[in-house]
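Please read the structure below before turning to the comments.
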Amino acid sequence: MSNFNKPAAPQRRRFVRRKGCRFCADKTLKIDYKETKNLRYFISERGKIVPRRISGNCAAHQRKVNEAIKRARNIALLPFTASHSMD
Ligand SMILES: [Zn+2]
C-alpha cells in the first residue's frame, strides 16, 4: 500500500464559511439604518439584500438587517425638504 496515487481531498468551499451570525458573535455590532457601512455588507452589487444562507446571519438578525436596509433606502429616496417644511 502506498499513498502515491491517492486522490486529492475534494475542496469544498463554495462560500467563505463564516462562524455564523456576525451580530451574535459580536455584540458591539449595531444594526442601524444609519450605519450604512455595516449594512452595505449585506447588500449585493445590484442593490439586493444578500440572502441569509450567504450572509450567515441568524433569522432574527437577518430580519433586523432587512428592516434597516429598507429604512435606509426609504430615507435615501426621500428628498431633503427641510427648508420647505419648516414654517
Ligand atoms: Zn444573530
Side-chain angles (χ1 to χ4, degrees):
M1 277 291 278
S2 73
N3 57 5
F4 179 70
N5 55 4
K6 200 170 93 178
Q11 290 192 350
R12 43 176 96 172
R13 51 186 191 106
R14 290 180 181 164
F15 295 109
V16 180
R17 190 95 187 194
R18 254 170 269 283
K19 303 176 210 107
C21 177
R22 53 167 40 198
F23 293 103
C24 285
D26 187 351
K27 301 288 185 190
T28 61
L29 270 179
K30 282 198 303 180
I31 302 175
D32 193 321
Y33 66 93
K34 288 171 298 219
E35 300 282 331
T36 48
K37 63 170 163 30
N38 288 349
L39 295 178
R40 197 160 301 174
Y41 185 84
F42 299 105
I43 304 174
S44 73
E45 286 177 18
R46 307 193 63 183
K48 299 186 77 174
I49 296 173
V50 173
R52 187 152 67 90
R53 69 189 161 82
I54 296 177
S55 69
N57 285 345
C58 69
H61 281 126
Q62 179 72 10
R63 209 166 74 86
K64 290 194 172 189
V65 167
N66 281 0
E67 283 171 7
I69 290 172
K70 282 173 187 167
R71 189 170 295 184
R73 277 180 183 162
N74 258 331
I75 289 166
L77 284 172
L78 291 172
F80 265 75
T81 54
S83 55
H84 275 275
S85 56
M86 306 287 274
D87 55 298

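Side chains are part of it too, since the values below use all heavy atoms of this structure and drop only hydrogens, waters and symmetry mates. Ligands are counted one by one from 1 in listed order, and the atoms in each one are counted from 1 as well.
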Practice prompt. Under the side-chain contact (heavy atoms from CB on, under 4.5 Å) rule, what do Glu35 and Lys37 come out as? Steps first, then yes or no, please.
Written response: CA-CA 5 Å; Glu35 300 282 331; Lys37 63 170 163 30; 3.2 Å; yes
Contacts under 3.5 angstrom, residues 57-68 side chains, donor-acceptor by atom type, not counting sequence neighbours:
| from | atom 1 | to | atom 2 | distance (Å) |
| --- | --- | --- | --- | --- |
| Asn57 | ND2 | Gln62 | OE1 | 3.1 |
| Gln62 | OE1 | Ser55 | OG | 3.1 |
| Gln62 | NE2 | Val50 | O | 3.0 |
| Arg63 | NH1 | Glu67 | OE2 | 3.3 |

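Thr36 contributes atom OG1, which lies 11.0 Å from atom CD1 of Ile69 (distance to the nearest 0.5 angstrom). For the atom pair CG of Leu29 and CG of Asn38, the computed distance is 5.5 Å after rounding to the nearest 0.5 Å. One finds the CD1 atom of Ile31 at 7.0 Å from the CZ atom of Phe42 (value rounded to the nearest 0.5 Å). Separation of atoms CD (Glu45) and CD1 (Ile43) is listed at 12.5 Å; rounding is to 0.5 Å.
Shown are the protein N/O/S atoms under 2.8 Å from the Zn ion (ligand 1), given by residue and atom: Cys21 SG, Cys24 SG, Cys58 SG, His61 ND1.
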